[in-house]
Protein chains: 2
Amino acid sequence: MNARIEDVARAAGVSTATVSRALRGLPNVSESTRTTVSRVAAELGYVVSRSASRLATGRTLAIAVIAPFMQRWFYAQAIAAVEAELRQSGFDALLIGLNDPADLHHEGFDPLSLRGRVDGVVVLTVPLTGSELDGVRRLELPTVYVGASVAGAMSVRIDDVAVARLATEHLLQLGHAEIGYVGGDPRQPLNFSAPADRRAGWMAALRQHGIEPVPAYEVPGGFTAEGGLAAAEQLLSLPTPPTAVFAASDEMAMGVLVAARRRGLRVPEDLSVVGVDGHELAALQGLTTVEQPVAAQGALAAQLVLESLRGQSPRRHEHVVLPVQLTVRETTAPPRIRTALVTQS
Amino acid sequence: MNARIEDVARAAGVSTATVSRALRGLPNVSESTRTTVSRVAAELGYVVSRSASRLATGRTLAIAVIAPFMQRWFYAQAIAAVEAELRQSGFDALLIGLNDPADLHHEGFDPLSLRGRVDGVVVLTVPLTGSELDGVRRLELPTVYVGASVAGAMSVRIDDVAVARLATEHLLQLGHAEIGYVGGDPRQPLNFSAPADRRAGWMAALRQHGIEPVPAYEVPGGFTAEGGLAAAEQLLSLPTPPTAVFAASDEMAMGVLVAARRRGLRVPEDLSVVGVDGHELAALQGLTTVEQPVAAQGALAAQLVLESLRGQSPRRHEHVVLPVQLTVRETTAPPRIRTALVTQS
DNA sequence: CTGTTAGCGCTTTCAC
DNA sequence: GTGAAAGCGCTAACAG
């Protein structure tokens, strides 16, 4: 039923080689034949067989997009951007969702199974285990990581330490001294650097202001709104609760907001909250946050793999760090009482 | 570098045909040779060339997943579910994001380009144009639509009219008479049935209670939180603002919540709000909603294509409708004044 | 500029 | 149970 290249060749009165060249826009084809071939191909509804051309060229025109928690805001945004970029260049996006490592079904994903199925790989900050990372490396395909930099591969990310410093500094400037940190799960797989880096930035900023971070002010939020809510409840139950909270993601920050509301605390009068991301729902709620360019990171990652495939300026920009921006809205303000006294002292 | 089937055959001292049969678990292979072959293959790190086997068999072991607005909650959830199901069955998920039809770059996607690239298609409720729909049909591949039923293809969805009735009935029971509806954009492409159906359900429920729907109470919200916010602002500026709002999605409902808060209205005392979906962020905020099983719809859709591919009970369950459930939380309560009077009359 | 001719790596009859 | 051989549909030298 589907026309093959030979059918087109016959109908156009040329060889299959010419049809192939004409349709792919290769040089050394007269305009007239190219026109004819295109017309005939269209008439016959001819579509090249991807399988056949893959086998013949060794190129798949597909890129694997590996991501965990694809339902989460960051990943959904990034995946959309990567996909759009790939498809625009005629590449297929092979989506690979890692099972939530939290559940025990995570029996490990074997990157080697990707051999011959894709030309390159985009890995969205993912808690890959060491052996999986190794597998990806052994694929020997152009690979770019988004959100974390891995030695030996390209990467696109933001400076997570700077992100946290920015957020924490903002709170410090406002006069806060008791600043809680709601971050990731400490027993999370490694090379998921964002949580650790953000924590480090929070600490660094505090210390720079002569404040020693209190262990009790550091609570894991699992990067979910629910986790943020629970973390905030824990923080707010403390004998000396923090007057401000820096949550490592907007989703967690929204959880913090809910916790505050439930306790009857007003934001920002009684509690200041800063997040990270640029989640539109958070923006609507007036959350002060450090925005990161998610779509840009995804698009750039896709471009890097594609460029690398074309052999253009190979491995250019091995590690790109995109800028972030503090957006102050309505969830941050000077603290009410305690720090006011401190300021006057 | 990558081992080919011939290498395995040679190393195992058998023919390529036998290797092929052994590795795929086909019958007519002695247990001993199967063992040997498997071992040798493993040793050599052999992975079948998807391209080659595709060309030879005509099957791609890939399914296209077409979705618009992949960043939105519903789609992200559904895509994750479809992908998980497919990969579990050894199928590749080829992600195809339609450009946001809202932007003008939507030059139409040509489904025919999928020919030979996938064995089946899962289409997530998408505003396909008539010709695109036709294209998908002409692909003559097993296709299942999620969220809308299209003639000639399988589908998995919920009863959107019932969803709206459920939500509206709940408000009516509470005593509300002025119930606004925040829905989709009226000038949206067709066969995006949810908005229209939900609107119909809202109207039907009202009429059933002898209330004639007021045009002014019906405002488009574009299915985004921002749109919901704007719509609510419009509703609340009315001379006689509604005492309750039914938003056709949780994201829009959250926008309504923000609008209410900005106006200093208390929810549910001054305004009741009901959404649709089961968005976890909305749950956290206590939103009363009609929950739909999104992951289940995605998983089922994937299963239907796969079954159809295996020729099992072809086209069984042509149109599956999954149940929804009203979850009452804290954003709905009896109206304060007006209806109280009415009730007493 | 265009045609001829080998494959790409696997699957699949059809014999043995 | 196993092997030989003929493709699957396209691309890529290499001639001409």
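Since the model is a prediction, treat every value here as computed from it, not as a measurement. A, B, ... follow the sequence lines: proteins, then strands. Residue 1 opens every chain.
You'll find the side chain of A/D119 reaches within 4.5 Å of the side chain of A/F91, heavy atoms only. With a 4.5 Å cut-off on side-chain heavy atoms, B/L322 and B/R157 do not count as touching.
In this structure, B/N2 atom CG and C/dC10 atom C1' are separated by 15 Å, rounded to whole Å. Rounded to an integer number of Å, the gap from B/D7 CG to C/dC8 C1' is 14 Å. Rounded to whole Å, atom C1' of C/dC8 lies 17 Å from atom CZ of A/R50. Distance B/R10 CZ to C/dG9 P: 12 Å, rounded to the nearest Å. To the nearest angstrom, P of D/dC10 lies 14 Å from CZ of A/R54. Rounded to whole Å, atom P of D/dT11 lies 16 Å from atom CG of A/N28. The nearest whole Å value for the distance from the CG atom in B/L23 to the P atom in C/dG9 is 17 Å. Going from atom CZ of B/R117 over to atom P of D/dC8 covers 23 Å, rounded to whole Å.
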Readout for nucleotides 11-16 of chain C: B = base within 4.0 Å of protein heavy atom, S = sugar-phosphate only, - = neither; 5' to 3' it is BB----
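Along DNA chain D, the nucleotide closest to B/L55 and the one closest to B/V29 are compared, and the more 5′ of them pairs with B/V29. If you find the closest nucleotide of DNA chain D to A/R4 and to B/T33, the one lying nearer the 5' end belongs to B/T33.
The phosphate of C/dG9 has neither OP1 nor OP2 within less than 4.0 Å of any side-chain N or O from B/S49.
To the nearest 0.5 Å, atom CD of residue A/Q303 and atom CD of residue A/E85 are 4.0 Å apart.
Side-chain contact check for A/S15 and A/T18: at least one donor-acceptor pair (N or O, by modelled atom type) lies under 3.5 Å. If you check the side chains of A/H319 and A/S155, you find a donor sitting under 3.5 Å from an acceptor. Looking at B/T35 and B/S38, their side chains never bring a donor and an acceptor atom within 3.5 Å of each other.
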| Criterion salt bridge (charged side-chain N to carboxylate O under 4.0 Å, His left out) on B/E31 and B/R34, from CA distance to verdict | CA-CA 5 Å; B/E31 263 325 303; B/R34 196 189 297 279; 3.5 Å; yes
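Looking at A/L306, A/D92, A/V305, A/L94 one by one, the single match for side-chain contact (heavy atoms from CB on, under 4.5 Å) with A/L86 turns out to be A/L306. The only member of A/L61, A/L141, A/I63 that meets side-chain contact (heavy atoms from CB on, under 4.5 Å) when paired with A/V118 is A/L141.
Annotation: the terminal axes of the helix from C/dC1-D/dG16 to C/dC16-D/dG1 meet at 30°, where each axis is the rotation carrying the C1' atoms of four end pairs onto the next four (5 pairs per end, rounded to 10°).
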